[in-house]
Amino acid sequence: MSVIPTEWSEPDSRPGVYFDVLLMGLLVVGIGTIAYWEPGSITLSITPQRLAGAIIPGVVLGVAMTYFYIVSERFQGLYADSHITWFVGNLLLAIGISLGLAVAPTWTLLTILATLLTFIVLRVAIYIRTR
């Protein structure tokens with residue numbers, strides 16, 4: 001049984017758009033807070049070159065994330081049938097983000113922010129287009 005109704009993943013679902021924008025907005029606030037306060041061993045040095053180098057892959061990842069999450073039925077079916085696949089995918093994502101924060105914290109945080117903001121804009125645009 002899914003916690004989130006399956007019809008919320010449809011492109012024209014208003015509760016789905018609200019849920020996605022709220023969830024991604026909370027992630028943006030959380031990651032923005034990390035970027036602002038720089039807790040623990042995370043130190044950020046934002047330069048125009050690093051900003052551009054993080055925004056370009058962030059936008060590409062945001063477009064890919066939107067496509068796989070909203071448009072691709074094959075990808076949705078991969079996660080809908082197996083909780084193990086969902087768990088392993090999210091575990092690998094968390095490990096990748098942790099490694100990215102350890103190796104290149106500025107680039108990782110800025111890329112994640114660009115990805116999430118791109119996803120929010122595209123999710124709303126897809127909803128408006130399909131309505």
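All figures in this text were calculated on a predicted structure; none of them were measured in a lab. Each residue takes its place number in the sequence, starting with 1.
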So, taking the atom named [atom1] in [X] and the one named [atom2] in [Y], what distance separates them when rounded to the nearest 0.5 Å?
X	Y	atom1	atom2	answer
Leu109	Arg50	CG	CZ	12.0 Å
Leu110	Leu44	CG	CG	7.0 Å
Glu7	Asp12	CD	CG	11.0 Å

Tell me the salt bridge (charged side-chain N to carboxylate O under 4.0 Å, His left out) pairs involving [range], sequence neighbours left out?
range	value
residues 85-102	none
residues 22-37	none
residues 52-78	none
residues 94-122	none

side-chain contact (heavy atoms from CB on, under 4.5 Å) with Leu61: which of Thr118, Thr115, Leu116? Thr115

Can you name the residues that form a side chain to side chain contact (heavy atoms under 4.5 Å, CB included) with Val21, not counting sequence neighbours? Val17, Ile120, Val124

Shared hydrophobic cluster for Val71 and Ile128 (ILVMFWY, side-chain gaps under 4.5 Å): yes

Under a single-linkage definition using a 4.5 Å side-chain heavy-atom cutoff for Ile, Leu, Val, Met, Phe, Trp and Tyr, are Met24 and Leu122 assigned to the same hydrophobic cluster? no

Could you go through residues 63-70 and list every donor-acceptor pair under 3.5 Å that involves a side-chain atom there, pairing it with any protein atom two or more places apart or in another chain?
from  : atom 1 : to    : atom 2 : distance (Å)
Thr66 : OG1    : Gly62 : O      : 2.7
Tyr69 : OH     : Asp20 : OD1    : 3.0

If the condition is side-chain hydrogen bond (donor to acceptor under 3.5 Å, both in side chains), which residues does Arg131 pass it with, not counting sequence neighbours? Tyr127

Residue pairs, two or more places apart or on separate chains, that pass side chain to side chain donor-acceptor pair (under 3.5 Å) and touch residues 99-109: none

Considering all heavy atoms, the nearest Val28-Leu113 contact: O-CD2, 3.8 Å

Closest non-hydrogen atom pair between Gly16 and Arg123, with its separation: C-NH2, 3.5 Å

Could you list the donor-acceptor pairs under 3.5 angstrom formed between side-chain atoms of residues 89-104 and any protein atom two or more places apart in sequence or on another chain?
from  : atom 1 : to    : atom 2 : distance (Å)
Asn90 : ND2    : Trp86 : O      : 3.4
Ser98 : OG     : Ala94 : O      : 3.0

Return each pair, listed once, that meets ring pair (Phe, Tyr, Trp, His ring centres under 6.0 Å) where at least one residue sits in residues 7-39; pairs must be two or more places apart or across chains. Trp8-Phe19

Could you list the cluster mates of Leu22? Members are the ILVMFWY residues connected by side-chain heavy atoms closer than 4.5 Å, either directly or through other members. Leu26

Quiz: residues 53-60 side-chain donor-acceptor pairs under 3.5 angstrom, not counting sequence neighbours:
none

